[in-house]
Every structure is written in C-alpha cells, then in structure tokens.
Novice: 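This is the structure I have questions about; it appears just below.
All residue numbers in this chain count up from 1 along the given sequence.
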Amino acid sequence: TTINVLARKDAELTAVGADIKVGEVAEISITINKDVTGKLTVNGEEVTIVDGTAKYPVAGLTAGNHTLAVKFAGDKYFNAAETTVVVKVCKVASSVKVTVGSAYNVGDSFTISIANSTAVKVVINGQEYAVKDGAVVIDTTKLAAGSYVVVASIAEDDMFLASSDS
C-alpha cells in the first residue's frame with residue numbers, strides 16, 4: 001500500500017487600494033486562491049473571504065501614504081502568505097473667491113463676500129479682518145482714499161491645501 005502526502009500550495013495573495021482624498025473611504029480589494037478556508041486579516045482585523053475575494057474599507061486616514069498589512073494565516077491546503085498595500089491619501093483642494101465692487105466712498109461701509117470651503121483670513125493693507133457668515137464688513141472710515149488689494153487666503157491644514165484670491 002502506498003500513500004501520497006501532498007505538499008501545501010503557496011497561496012496567491014494580492015491586495016490593491018486606490019488613492020483617495022482626506023475624508024474619503026479607501027476600499028482595499030483582496031484576491032486569493034478561490035478554495036482557501038483560512039483566516040485573512042488586514043492590519044490585524046479579520047476579513048471575510050468569499051470565492052477568493054474580499055473587500056476591506058478603511059476610513060479616517062490622514063494625509064500621506066499608509067501601508068496596510070494583508071495576511072493569510074494558511075490552512076490545511078495552502079501556506080500562509082502576506083503582502084502589503086499602500087493607500088495614498090491626498091489633501092483636498094481648497095477654494096476661496098473674493099467678490100467686491102470696484103469703488104467705494106470714504107465713510108461708507110461695504111461687504112466683501114467670501115465663497116470658501118474652510119476658514120478664511122482676509123487682509124487689506126496689512127490689516128486682518130474677521131470673516132463672519134461668509135462675509136467681511138469693511139468700514140471705510142478706517143481706510144484713506146486710495147486703491148487697496150484685498151487678499152483672502154486659506155492656510156494649509158491637515159485636510160485642505162492652501163489657496164488664495166485677491
């Protein structure tokens with residue numbers, strides 16, 4: 001009588017993720033041999049394998065490159081395997097738009113409308129003005145007659161890229 005002892009096969013594990021923006025959810029697509037029965041994890045969290053595929057959503061990532069470890073523990077037919085996937089998280093483009101008239105009289109007040117996606121700083125002649133409810137109210141009694149450049153800017157932060165308009 002002869003018996004055959006078969007060697008375990010190497011598992012064919014791949015993981016792919018797409019680039020995202022801060023605040024979005026990355027979905028990791030994982031493929032492995034269709035007939036595996038073992039445990040699959042992404043960064044230590046168990047993921048369900050169905051017909052050799054699995055999806056793993058990742059939320060709350062900050063800007064930058066994030067490397068995730070994908071591991072298959074092995075089973076009685078397949079050897080353990082591991083790979084990594086890099087998810088690139090980009091900051092979101094910000095935008096600011098200044099809307100002003102062309103001329104105002106000294107002594108008048110006027111409003112500069114600001115369309116923006118985050119906190120804005122408005123500067124006229126070196127003086128910073130507070131933005132409230134998407135607008136800045138300017139009292140021209142504090143400005144001498146002349147031409148002024150109005151600059152509205154958004155500083156870069158953990159989520160947004162910097163931008164400005166004048």
Novice: Drop me the distance from N33's CG to E12's CD, to the nearest 0.5 angstrom.
Specialist: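 It comes to 5.0 Å.
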
Novice: Closest heavy-atom contact between V120 and A152?
Specialist: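 Looking at all heavy atoms of both residues, the shortest contact is CG1-CB, 3.9 Å.
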
Novice: State plainly whether one hydrophobic cluster holds both I124 and V151, where clusters connect Ile, Leu, Val, Met, Phe, Trp and Tyr through side-chain heavy atoms under 4.5 angstrom apart.
Specialist: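 Result: no, two separate clusters.
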
Novice: Take atom CD of Q127 as the centre, draw a 6.0 Å sphere, and report whether it contains more than 12 heavy atoms from other residues, nucleotides or ligands.
Specialist: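 Atom CD in Q127 is packed in, count exceeds 12.
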
Novice: Hey, does V89 have a side-chain heavy atom less than 4.5 Å from the side chain of K21?
Specialist: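 Answer no - side chains too far apart.
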
Novice: Can you tell me how far CG of L40 sits from NZ of K71, rounded to the nearest 0.5 angstrom?
Specialist: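 It is 11.5 Å, given to the nearest 0.5 Å.
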
Novice: Tell me whether the count of non-hydrogen atoms from other residues, nucleotides or ligands lying under 6.0 Å of CG in D158 goes above 12.
Specialist: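 Count not over threshold, so no.
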
Novice: Give a yes-or-no answer on whether the side chains of T31 and T14 include a donor-acceptor pair shorter than 3.5 Å.
Specialist: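 Yes.
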
Novice: Start with the C-alpha gap between D165 and V150, add the side-chain angles, then the distance that decides, and say whether side chain to side chain contact (heavy atoms under 4.5 Å, CB included) holds.
Specialist: CA-CA 8 Å; D165 188 33; V150 177; over 6 Å; no

Novice: Start with the C-alpha gap between K91 and M159, add the side-chain angles, then the distance that decides, and say whether side chain to side chain contact (heavy atoms under 4.5 Å, CB included) holds.
Specialist: CA-CA 5 Å; K91 292 184 179 185; M159 184 170 188; over 6 Å; no

Novice: Measure the spacing between CG of L13 and CZ of F72 and express it to the nearest 0.5 Å.
Specialist: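 Between atom CG of L13 and atom CZ of F72 there are 8.5 Å.
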
Novice: Considering only heavy atoms from C-beta outward, does the side chain of L161 approach that of V92 to under 4.5 Å?
Specialist: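 A side-chain contact is absent here, since even the closest heavy-atom pair is not under 4.5 Å.
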
Novice: Write down the atom of A15, the atom of V85, and the distance for their closest heavy-atom approach.
Specialist: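 That would be O-CG2, 3.8 Å.
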
Novice: Rounded at 0.5 Å granularity, tell me how far CD in E24 sits from SG in C90.
Specialist: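 If we round to the nearest 0.5 Å, E24:CD and C90:SG are 9.5 Å apart.
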
Novice: Hey, could you give me the CG/NE2 distance between N43 and H66, rounded to the nearest 0.5 Å?
Specialist: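 Reported to 0.5 Å precision, the distance equals 11.0 Å.
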
Novice: Under 4.5 Å between any side-chain heavy atoms of V123 and Y129, yes or no?
Specialist: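 In short, these two side chains do not touch, never coming nearer than 4.5 Å.
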
Novice: Does the side chain of Y56 come within less than 4.5 Å of E45's, by heavy atoms?
Specialist: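 Result yes, sub-4.5 Å side-chain heavy-atom pair found.
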
Novice: Just how far is it from atom CG of N125 to atom OG of S147, taken to the nearest 0.5 Å?
Specialist: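 If we round to the nearest 0.5 Å, N125:CG and S147:OG are 11.0 Å apart.
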
Novice: Provide the closest heavy-atom pair for T48 versus A54 in the form atom of the first, atom of the second, distance.
Specialist: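 Closest pair (atom of T48, atom of A54, distance): O-CB, 3.3 Å.
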
Novice: Output yes when a side-chain donor or acceptor of D75 lies under 3.5 Å from a complementary backbone atom of Y77, and no otherwise.
Specialist: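 Here the side-chain-to-backbone pair exists.
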
Novice: Please assess S94 against S163 for the test side chain to side chain donor-acceptor pair (under 3.5 Å), listing each intermediate value before the final yes or no.
Specialist: CA-CA 6 Å; S94 64; S163 65; 2.8 Å; yes

Novice: Whether the T84 and T67 side chains hold a donor-acceptor pair (N or O, under 3.5 Å, no angle test) is what I'd like checked.
Specialist: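 Looking only at side-chain atoms, T67 and T84 do not form any donor-acceptor pair under 3.5 Å.
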
Novice: I'd like to know whether NZ of K88 has more than 12 heavy-atom contacts from other residues, nucleotides or ligands below 6.0 angstrom.
Specialist: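 Counting other residues, nucleotides and ligands, NZ of K88 stays at 12 neighbours or fewer.
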
Novice: Do the non-hydrogen side-chain atoms of V87 and L68 ever get within less than 4.5 Å of each other?
Specialist: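 Contact flag for V87/L68 side chains = yes.
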
Novice: Walk me through whether I28 and V16 qualify under side chain to side chain contact (heavy atoms under 4.5 Å, CB included).
Specialist: CA-CA 6 Å; I28 308 304; V16 178; over 6 Å; no

Novice: Does Y148, at its OH atom, have more than 12 non-hydrogen atoms belonging to other residues, nucleotides or ligands within less than 6.0 Å?
Specialist: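 Yes - once you tally the heavy atoms of other residues, nucleotides and ligands closer than 6.0 Å, there are more than 12.
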
Novice: Any side-chain heavy atom of F78 within less than 4.5 Å of one from K9?
Specialist: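 Contact flag for F78/K9 side chains = yes.
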
Novice: Between I49 and I32, does the side chain to side chain contact (heavy atoms under 4.5 Å, CB included) criterion hold? Intermediate values first, please.
Specialist: CA-CA 8 Å; I49 306 166; I32 194 163; 4.0 Å; yes

